[in-house]
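Note that the structure is a prediction, hence the values are computed from the model and not measured. Below, chain A is the first sequence line, B the second, and so on; all start at residue 1.
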Number of protein chains: 4
Amino acid sequence: MLLQIDVNSEETLYTQLANQIRYGIAKGYLQPDDPLPSVRNLASELGINMHTVSKAYNKLKEEGIIIVNRSKGVRISSSVLADRRTGYETVLEEKIRQLVSQSICNGIGEKRFLGMVKNVFTEMRSET
Amino acid sequence: MLLQIDVNSEETLYTQLANQIRYGIAKGYLQPDDPLPSVRNLASELGINMHTVSKAYNKLKEEGIIIVNRSKGVRISSSVLADRRTGYETVLEEKIRQLVSQSICNGIGEKRFLGMVKNVFTEMRSET
Amino acid sequence: MLLQIDVNSEETLYTQLANQIRYGIAKGYLQPDDPLPSVRNLASELGINMHTVSKAYNKLKEEGIIIVNRSKGVRISSSVLADRRTGYETVLEEKIRQLVSQSICNGIGEKRFLGMVKNVFTEMRSET
Amino acid sequence: MLLQIDVNSEETLYTQLANQIRYGIAKGYLQPDDPLPSVRNLASELGINMHTVSKAYNKLKEEGIIIVNRSKGVRISSSVLADRRTGYETVLEEKIRQLVSQSICNGIGEKRFLGMVKNVFTEMRSET
DNA sequence: GTGGTCTAGACCACC
DNA sequence: GTGGTCTAGACCACG
């Protein structure tokens with residue numbers, strides 16, 4: 001899977017990285033138990049600081065999405081995608097609420113919003 | 001409408017405020033042309049600095065959601081809720097993409113996600 | 001000539017008023033020596049404060065565009081449009097410079113800019 | 001590139017700064033990807049407050065003209081000068097309309113106005 | 001009374 | 001080191 005970062009983005013580098021890995025999992029590029037590049041390798045490959053990669057990995061580790069093992073390296077958690085929809089749903093609901101508020105303020109109604117969500121899910125499922 | 005902020009939140013204070021006002025509009029608590037508290041009043045009411053409130057108001061002003069008048073105060077734009085979906089959809093799509101990625105990683109599929117979105121829209125429409 | 005103000009505008013009321021009168025002269029709606037409504041009449045007609053109208057008139061008076069006479073009321077200067085392009089050109093050039101800078105930053109080149117200027121002049125000349 | 005402000009000007013300090021930077025880009029003094037001084041450095045150099053510089057930079061950032069990076073500083077956007085004439089033209093047209101009105105009131109006709117615009121564009125292109 | 005601008009100094013996150 | 005946020009207090013323009 002190709003990871004790339006945009007130094008011009010408003011998002012911090014480590015957030016971009018974490019988002020892309022999550023995206024890769026959602027899209028199926030990255031499967032449970034798949035290995036990820038080592039911190040050093042990925043950093044040099046992307047031309048960014050080692051600490052930045054490390055921070056991204058740490059974030060995902062805390063979310064339980066990846067497993068970091070000192071000697072075996074980093075890999076996708078085997079239980080990712082499994083049923084652990086505990087506290088996340090609360091967070092998600094709040095985020096949806098914000099997005100929906102903004103959308104309504106910008107004249108985008110439920111129908112159109114749902115259409116966009118469906119498109120994104122379809123995009124995720126598509127092989128590309 | 002009750003506005004409140006959480007100083008412990010990860011979100012900046014002014015972002016929280018802007019979000020709540022957008023939510024209030026989407027939910028119908030705040031109607032087009034409704035006045036908002038003055039910068040100073042709201043600041044003292046919330047126990048925060050005047051400039052923080054001002055920054056939130058300015059953000060909404062640039063989004064075209066509220067109207068700021070130097071001498072008459074602040075109120076909801078009368079054209080809010082109207083159809084002015086200019087460049088916002090591009091931004092929205094990217095945000096949905098991120099949210100969907102995160103959701104899939106957390107075992108939340110399309111069906112469930114769409115259900116949550118529908119619930120939020122219903123919540124917005126409900127009188128409460 | 002119909003004068004109207006937009007209380008939602010970012011521009012101050014008196015600036016809007018002054019701009020409209022200048023526009024009316026440029027467009028030919030208002031001719032040299034034409035009378036203008038009294039401060040009180042115009043204020044009540046527009047539903048705004050007397051001081052606001054007064055301020056607009058004062059601005060135009062200082063620019064030499066209108067003549068204010070305590071007993072005879074207010075009228076367009078008879079020498080308006082005449083040759084008094086003294087200090088104004090310096091101001092204008094600076095304003096054009098700013099506008100051109102912005103335009104270039106937004107990808108609008110000389111050809112397009114000149115086209116827009118010509119359109120505006122044509123619009124001014126048209127009877128409507 | 002030399003930046004300087006006039007504390008006696010009618011324009012706010014941060015507007016002056018933003019204008020000068022836009023001018024610098026239009027004139028070619030500042031090229032895409034060129035770095036700008038840090039907020040603190042520029043502030044002390046100009047003898048003004050850090051926040052004032054920050055406000056100017058923020059304005060340009062929201063216009064998409066400069067790129068602000070929390071840890072790497074500020075630089076001219078690499079896509080500035082590209083063709084991204086979205087909603088700006090509407091704003092520009094209104095500004096031109098005002099300027100043309102004023103000019104006609106001051107006895108400056110289309111021919112002279114166009115001449116001035118051409119001069120400014122030429123000035124922008126000239127090496128100096 | 002209103003918001004807008006400017007100053008000053010503090011702390012934080014990022015890299 | 002960088003910019004971002006928050007606080008605090010001042011003065012100004014507008015109506």
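Contact annotation: D/S54 reaches the phosphate of F/dG4 (side-chain N/O to OP1 or OP2, under 4.0 Å). Listed pair D/K59 / E/dT5 fails the phosphate criterion, with no side-chain N or O lying under 4.0 Å from OP1 or OP2. The side chain of B/S71 contributes no N or O atom lying less than 4.0 Å from OP1 or OP2 of E/dG1.
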Identify each donor-acceptor pair in which a side-chain atom of residues 53-61 of chain A lies under 3.5 Å from a protein atom, sequence neighbours left out, and give them as a table.
{"from": "A/Y57", "atom 1": "OH", "to": "A/P37", "atom 2": "O", "distance (Å)": "2.8"}
{"from": "A/N58", "atom 1": "ND2", "to": "A/S54", "atom 2": "O", "distance (Å)": "3.2"}

Without placing hydrogens or testing angles, list every side-chain donor-acceptor pair under 3.5 Å for residues 66-74 of chain A, not counting sequence neighbours.
{"from": "A/N69", "atom 1": "OD1", "to": "A/S71", "atom 2": "N", "distance (Å)": "3.0"}
{"from": "A/N69", "atom 1": "OD1", "to": "A/S71", "atom 2": "OG", "distance (Å)": "3.1"}
{"from": "A/N69", "atom 1": "OD1", "to": "A/K72", "atom 2": "N", "distance (Å)": "3.1"}

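D/L13 comes within 4.0 angstrom of the backbone, heavy atoms only, and of no base.
Partners of D/T52 under the side-chain hydrogen bond (donor to acceptor under 3.5 Å, both in side chains) rule, at least two apart in sequence or in another chain, do not exist in this structure. Remark: D/Q20 engages no residue in a side-chain hydrogen bond (donor to acceptor under 3.5 Å, both in side chains) (not counting sequence neighbours). Residues satisfying the side-chain hydrogen bond (donor to acceptor under 3.5 Å, both in side chains) criterion with C/E11, sequence neighbours excluded, are C/N19, D/Q98. Applying the side-chain hydrogen bond (donor to acceptor under 3.5 Å, both in side chains) test to A/T12 and every residue at least two apart in sequence or in another chain returns A/T15. The salt bridge (charged side-chain N to carboxylate O under 4.0 Å, His left out) check on C/E93 picks up C/R97, with sequence neighbours excluded.
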Dot-bracket encoding of pairs in DNA chain E, which uses [ ] for pseudoknotted crossings and | for another strand, Watson-Crick or G-U under 3.5 angstrom: ||||||||||||||.
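For B/Y57 and E/dT2, the OH to P distance is 11 Å, given to the nearest whole Å. In this structure, CD of D/E10 is placed 13 Å from C1' of F/dC12, rounded to the nearest angstrom. Between D/N58 atom CG and E/dG4 atom P there is a gap of 16 Å when expressed in whole angstrom units.
The side chain of A/T52 approaches E/dC15 more closely than any other nucleotide in the set E/dG4, E/dC6, E/dC15.
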For nucleotides 9-13 of chain E, which of its nitrogen or oxygen atoms have a protein nitrogen or oxygen under 3.5 Å away, and what is each distance?
{"from": "E/dG9", "atom 1": "O6", "to": "D/H51", "atom 2": "NE2", "distance (Å)": "2.5"}

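Remark: the backbone N or O of C/L30 is not paired with any side-chain donor or acceptor of C/D34 at under 3.5 angstrom.
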